[in-house]
Amino acid sequence: MSDHTFSNFIEEIIENDLKGDFIREHLRFRFPPEPNGHLHIGHAKAICLNFGLSEYYRTPVNLRFDDTNPAKEEQTYVESIKKDIQWLGFRWNKECYTSDYFEQLYHWAQELIQEGKAYIDEQTQEEIIAQRKTPFESGIESLYRERPTQESLELFENMRSGKFEEGYCVLRAKIDMKAPNMNLRDPVMYRILKKAHQRTGKQWCIYPTYDWAHGQSDYIEQISHSLCSLEFDNHRPLYDWYLDQICKQGRIRPKQREFARLNLSHTIMSKRKLQRLIQEKTVTAWDDPRMPTLSGLRRRGYTAEAIRNFCQRIGIAKRENVIEVSLLEFSIREQLNKITPRVMAVLDPVKLIIENYPESQTEWLEAENNPEDPKAGARKIPFSKILYIEREDFMEIAPKKFFRLSIGSEIRLKNAYIIKGSGVLKDDDGKIIEIYAQYDPESRSGSGTEESLRKVKGTLHWVSAAHSIDIEARLYDQLFLVPAPEACKEEDFMNFMNPDSLKIVKGYGELSLKKAREGERFQFQRTGYFCVDRESSGERIVFNRTVTLKDSWAKENKNGPK
RNA sequence: AGACCCGUGGUGUAACGGUAGCACAGCAGAUUUUGGUUCUGUUAGUUGGGGUUCGAAUCCCUGCGGGUCUACCA
């Protein structure tokens with residue numbers, strides 16, 4: 001409990017309840033996804049809130065699938081949702097389904113009819129909508145509104161037994177057609193849907209609406225605090241009205257409270273729009289590493305811990321927000337810096353030939369695995385005459401702030417020798433195909449010689465050509481060019497796509513990478529954090545770039561006159 | 001047009017009538033065999049106007065701005 005640092009208005013509400021006659025043991029939370037899509041980082045915010053509260057107060061949290069619409073929901077989503085929550089590191093108390101309460105809900109509905117608080121409306125959907133009018137004027141009452149309760153009761157039974165076609169009638173709560181809040185203008189409680197349900201099969205042909213089901217499910221499960229996003233704010237009076245009808249003395253009455261959902265810059269969160277990215281093949285799948293889905297982030301190399309830290313940092317409040325991706329990136333770098341082994345890999349290779357190094361010699365040099373973690377130990381890496389270095393790490397004539405290789409300048413090859421650039425070989429187009437350098441045999445890293453201690457302009461990563469493995473690196477960048485692609489309502493969000501959200505390059509990795517397995521994470525020194533993708537094959541390991549290292553040189557280049 | 005919700009640096013988020021703080025981003029410097037990490041410093045904020053008060057980001061009034069609501073979706 002003591003390491004709990006966040007504090008927000010939700011917690012404050014709970015603390016205030018606890019100061020009254022509400023006891024800690026009665027605290028209970030729930031996470032209520034609809035099984036109609038995959039979880040994304042926005043859901044992670046809600047998950048961390050509810051499960052976090054549950055951990056803090058040592059009280060149960062239920063996972064409840066809100067499965068009231070068989071037309072949209074599927075069992076596969078249930079599995080995917082459970083997997084993602086577990087991956088995030090949370091455990092629910094009970095796995096619940098709104099469909100488990102269908103019978104109870106039905107009985108409560110019958111009671112409401114009996115009390116004259118609900119009625120069967122036989123008008124068409126169009127008529128009902130028209131009568132509700134707009135928020136700026138009063139609605140009109142249905143001509144079925146005052147029908148005898150017995151008639152409604154029978155009709156309701158017939159609805160259930162399948163005597164009517166879809167859309168023939170609905171059960172409506174009798175509240176107030178003049179209410180400024182549209183949700184109170186006799187909302188629909190049940191509609192006929194002749195679809196088999198993924199769990200109840202053909203048992204039902206009428207299904208409760210969200211409003212009629214949600215608060216009641218909370219009540220059945222004795223959820224104390226039902227937390228949802230801001231757009232349900234207008235539903236709260238209805239939530240409370242329904243609860244007023246069924247709540248019994250001595251039982252916990254759930255309390256709905258609303259917080260702002262997460263918006264992340266340079267991406268989108270809407271399930272429908274995410275779906276469109278897949279349909280239009282802008283991305284490959286739900287778990288494409290560019291997707292803000294939990295499966296996408298996982299495949300990209302994000303850790304659950306980093307996502308949880310992120311959710312902690314963004315806080316909980318009621319105002320609309322757009323969190324900059326840089327905060328997410330900070331969270332993952334923070335962790336990866338601590339845990340990933342460092343390796344060398346060259347992603348845009350050019351040959352570097354050490355002219356004065358013996359032709360057939362190979363030296364095995366010691367390399368530290370992780371300077372942030374002494375326990376990570378060291379490994380041996382092969383050094384030889386022909387190497388690969390990054391094309392951008394060389395310039396024939398360099399500006400003074402270029403701390404890399406150029407003709408006549410000295411730099412260090414990481415974990416190896418100090419070299420001095422001596423020449424280049426170009427093809428007919430003037431493109432450099434080989435770089436030549438001289439090494440100082442006395443300057444070997446870690447040898448302790450005076451030469452090895454010399455200060456040089458910079459340090460480059462490299463790979464021995466004869467001892468390297470082929471790798472494919474998938475370099476991901478933000479999906480959208482603008483911070484809030486959904487903000488502009490006139491323009492299709494697809495127009496803001498970043499055409500370079502994925503770049504695939506072929507490069508060379510150091511030998512030790514040969515045994516890298518799916519999901520394993522590395523820091524490619526000076527380049528970024530990478531994670532082995534499941535599409536790796538025997539010939540070529542595929543690495544997803546989780547995030548780049550911070551690169552103040554690239555930044556300066558972009559800003560500078562060039 | 002109506003009801004409800006919300007306005008604190010660039011972005012988030014604290015401060016609950018008593019010094020406007022924290023994180024990310026930015027900038028500058030130190031350290032560094034990763035232009036990484038780490039460390040230090042720094043720029044930058046209470047939506048406008050009234051009121052109440054010794055004292056207001058906080059309470060009241062009012063303007064302005066943003067969001068939600070006119071599904072038999074959730």
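The sequence lines fix the lettering, A, B, ..., with proteins before strands; numbering per chain opens at 1.
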* Specify the separation, in whole Å, of atom CZ of R261(A) and atom C1' of C5(B). => 15 Å
* Asked: Does R191(A) place a side-chain N or O at less than 4.0 Å from the phosphate oxygens OP1/OP2 of C73(B)?
  -> yes
* Between F383(A) and Y417(A), is the gap from one ring center to the other below 6.0 Å? -> yes
* To do: Sort out the partner of A1(B) for me: Watson-Crick or G-U wobble, both distances under 3.5 Å, none otherwise.
  => none
* Asked: Under 3.5 Å, side chain of R30(A) to main-chain N/O of L227(A), donor-acceptor pair present?
  -> yes
* Atom-to-atom span, CD of Q523(A) to P of U33(B) - whole angstrom -> 16 Å
* In terms of side-chain heavy atoms of E73(A), which of A74(B), G35(B), U13(B) is nearest? -> A74(B)
* Asked: So, is R319(A) near the phosphate of U8(B), with a side-chain N or O under 4.0 Å from OP1 or OP2?
  -> yes
* Using atom P of each nucleotide, how far apart are C4(B) and U46(B) to the nearest Å? -> 29 Å
* Asked: Taking the six-membered ring of Y439(A), is the NZ or CZ of K420(A) close enough (under 6.0 Å from the centre) and on axis enough (within 45°)?
  -> no
* **Partner nucleotide of U11(B) by Watson-Crick or wobble geometry (both distances under 3.5 Å)** => A23(B)
* Asked: Can you check whether R185(A) has a side-chain N or O nearer than 4.0 Å to OP1 or OP2 of G2(B)?
  -> no
* Asked: What is the nucleic acid contact for E12(A), judged by heavy atoms within less than 4.0 Å: base, sugar-phosphate only, or nothing?
  -> base
